[in-house]
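Here is the structure we will look at, set down as C-alpha cells.
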Amino acid sequence: MAGLLQNASLWGDDIPWLCALREKGTDVFTRLGVPGAKVEDWKYTKPRLLNADDFVLPEAPAQHSCSCGCEDYCDEGCGCRRNIPLDAYQIHFKNGFRHPEHNHFPEGVTVLPLDEAIAGNEDCRRYLGKIADIETAPFAALNTAYLENGVFINIARGIKLDKPLVIICHTCAGERNLFYNLRNLVVMESGSEAEIVEYFHYDGIEKSRYFVNVVNEIAVGKNAVLKHYKCQDDAYKAAHVSLSAVQIKAGGRYQNFCLQKGADMGRNEVRVKLQDKGAEARVDAAYKMSGWATLDTTTVIEHLSPETYSEQLVKGVVDGEAKGVFQGKIHIAPHAVHTEGRQLHKALLLSDTAEIDCKPELEIFADDVKCSHGAASGELDEEQLFYMRSRGIDEDEARRILVEAFLDDVLLKVDSEPVRNWLKTML
Amino acid sequence: MKPLLEIEDLHARVGDKEIIKGFNLTINEGEVHAVMGPNGAGKSTLSYVLTGKPGYEITSGTIRFKGKDLIAMSAEERAREGIFLCMQYPVEIPGVPTATFLKHAVNAARKHQNLPEMDTFEFLKLVREEGRKLGIDNEMIKRPVNVGFSGGEKKRLETLQMSILKPELSILDEADSGLDIDALKVVAGGVNALRDGQRSMLVITHYQRLLNYIVPDYVHIFADGHIVKSGDKNLALELEEKGYADFVREK
Ligand SMILES: Nc1ncnc2c1ncn2[C@@H]1O[C@H](COP(=O)(O)OP(=O)(O)O)[C@@H](O)[C@H]1O
Ligand SMILES: [Mg+2]
C-alpha cells in the first residue's frame, strides 16, 4: 500500500544542492497534494486515479545483456525497442530508466543522462529546478521530489542539430500500478536550432495501469529556435501528466505541438515565458479520444516584454463518453506593449455523451496589444457526410476522412514534414 | 426496353411537411427525362429522396432501380449501384483535397465491383484526361473539395465526378444554375459524352435553356408534388412560352 510519495533510494544523495531541490519538491507536494475539486486549475480534470494507494516505483534495470548497448537491451519481449520511422537520433527510456544507445552527436551537442549532468555539468546546475515553478504545479513538485532520471540536452551557440532528437518513453507496467517520473532539461544557447520529439507509448497491454509524470525545463536563448513535438499514446487506463516550462530570450522562437491520444487521464501543460523583445512562441495541440478518457491541454503564455508574439491552435476530437479540456491563459505584463497573443480552440464532438470544457483567460495589463481568443465546438457536418456517401464512400470512411480533415490544419502547424507525417499515422 | 428506375405513387416529407405527393415516373435504359417545375415545387427534394439523404422520409410508394428496392439501400449503396446526383449546391469540404476525395469515390466503386484499388498513377491519368475536357487542371484538384470554387468550377467538378464514375443513372439538379453560357456548354458537353444509349438521365430544371444543350427524350411538368403533364421536348418550349401557371391550373 503506497501513495505517490514513497521512500525511495535515489542516486546522488551526497550532492547537497540536489538534495535541497528534492526536499523542496517533497515539501511542496506534501502541502499541495493531489488536487481536489476545489483547485481552480484542476477543476475540469480530476486526477482521481492519482489517489490510488498501490503505486509501485520501478526498479533500476539490471545490467544489460548486450555489451554494445544497441541490441537486446530489453529481453522481456515487450516491444520496447520499437523505433519510430524517422531519420533521427533516438533516446530510449523504459519505465523511466534510460537504455544505452549509440548516438554520435555532432560537435556542440551535449546529450547526457540527467544524473551524469547533475554530477558534472555547470549549465545543468544553473537551470535545473529554476524554470518550472513547482509552487503552482503539484505534480512538478512531485517530480522534483524524485529528481533523478531524464535527459539533459545542450545545444551550443550557433549549432544546428542536423536531425530530430526523439525521446522514446516506453512503459511496461505488468500487473503493477507503476509510477515513475522523468525530468528533462533542454538548454538552447544563442542562435542554436533543434527539433526534439517526445514519444510516449507502452507495451500494448491495454489494461495496464501506470502513471507517468514528466517535467521538461527548457531555456531558449537569444535567436535560438526549438521545435518541440510530442505524441502521447499511453495505455487507456494510464495517467499521464506533463509540464513543459519554457523561457525564451530575445528573438528566440519556440514551437510546441502535442498530440494526445492515449491515457485515461492525460494532461499536457505548457507554460511559456516570453522574456525579451522579439521572443516568439507557437503552442499548438491536437487530441483525439473516445471511451471514458479525459485529456487536458493547459497553456500559460506570459508576455513579459514588448514586441513578443504568441499563437495557439488547439483542436480536438471527442467520442464516446470522453471529455476534452482546454485551459489557455494569455498574460500580458504592464509594460509589454506591441505584443500579439492569439488563441483558438476547436472541438469536434462525435457522440451525444462527449464533453468539452474550455476556459480561455486573458490577463491584459498593457495598452496597444493585439490579443484574441476563440472557441467553437460542433458535430460532423451532415451535408458533408451525405455528399461523400452520395459518391459511394462508406459512412464510417466518410467520418474518418472528415475527422482527419478537421485535424488537418492543426497538424500543418508541425513544420517538420517527416514528423508531421509520422504524427498523421498515429491518428 | 428495360426499365432502370421505376417510381410508383411516391409520397415523401421533410420534417412534417409533405412535399412529394403521388409521384410516378419510369425511366428506361438510355432515356433522358427532364423534370421541370417552379421554385419550391420539390425538385431538389425529389433528387434527395432518390439518393437517400437522411431527413427525407418516404411515407408511401415504391422506388425500384434495376428491379431492386431502392428505398432499402443506404445512400452509399445507391451510389455504388450506379446512381449519381449532380447537386444544385455542391458541398464544400475544407481539409480534404479534391484529388483525395475523388480517389476515395473511385475506389469505393471499384471495391463494389470487386476490382483492386486504382493506383495513384492510373488515377491521376484518368483525372487528367477527363479533367482536360472540362477545363479542370491539376491545381484545381489539389484544392479542398469545392472550397473557394466559383459556381462554374463547382459544376465542372460535379461533371468530372460523373465522367469518372460513369453512373447508370445521373440525376442533374439545376445543372445550369449560376453558369454563364460558355460554362454551360462545357458542362453539357460532359453530360452528353455519357449518353451512349445505355445510361439514363434525369435532368431537373426550372428553365428550358438547359434543354437546348441536353436534349431530353421526355419532358415532365412537376407541380404540387407530382407530375401534372408529360410530353416530348416540345413541351418544354410550350412551357417556356406559357409559364408554369397555365399548367398548374390545367390540372
Ligand atoms: N430541409 C427542409 N426542411 C423543411 N422544409 C424544406 C426542406 N427542404 C426543402 N423544404 C421545403 O420543401 C419545398 C420544396 O423544396 P425544394 O425541393 O428545394 O424545391 P425546388 O428544388 O423545387 O426549388 C419548399 O417549400 C422548401 O421550403
Ligand atoms: Mg432545388
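These numbers were taken from a predicted model, which means no experiment stands behind them. Reminder, nothing fancy here: chain letters follow the sequence lines and each chain counts from 1.
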Exercise for the section: Report the option among B:Asn146, B:Ile93, B:Ile83 that has the most heavy-atom pairs separated by less than 4.5 Å from atoms of chain A. Expected result: B:Ile93
Name the region of [X], side chain, backbone, both or neither, that has any atom closer than 4.5 Å to a heavy atom of chain B.
{"X": "A:Asp394", "result": "both"}
{"X": "A:Glu397", "result": "side chain"}
{"X": "A:Leu402", "result": "side chain"}

Exercise for the section: Would you check if A:Arg391 and B:Phe84 make a side-chain contact, meaning some heavy-atom pair closer than 4.5 Å? Expected result: yes
Problem - Note, A:Phe386 side chain near B:Val91 side chain (heavy atom, < 4.5 Å) - result: no
Contact residues of [range] (partner chain A; heavy-atom separation under 4.5 angstrom):
{"range": "residues 65-78 of chain B", "result": "B:Ser74, B:Ala75, B:Glu76"}
{"range": "residues 102-111 of chain B", "result": "B:His104, B:Ala105, B:Ala108"}
{"range": "residues 49-56 of chain B", "result": "B:Thr51, B:Gly52, B:Lys53, B:Pro54"}
{"range": "residues 128-140 of chain B", "result": "none"}

Handout entry: CD/B:Glu117: more than 12 non-hydrogen atoms of other groups inside 6.0 Å
Key = no
Exercise for the section: Using non-hydrogen atoms and a 4.5 Å limit, figure out which bit of B:Phe101 sits close to chain A: side chain, backbone, both or neither. Expected result: both
Practice task
Let me know if B:Glu81 has heavy atoms under 4.5 Å from chain A in its side chain, its backbone, both or neither.
Solution key: neither
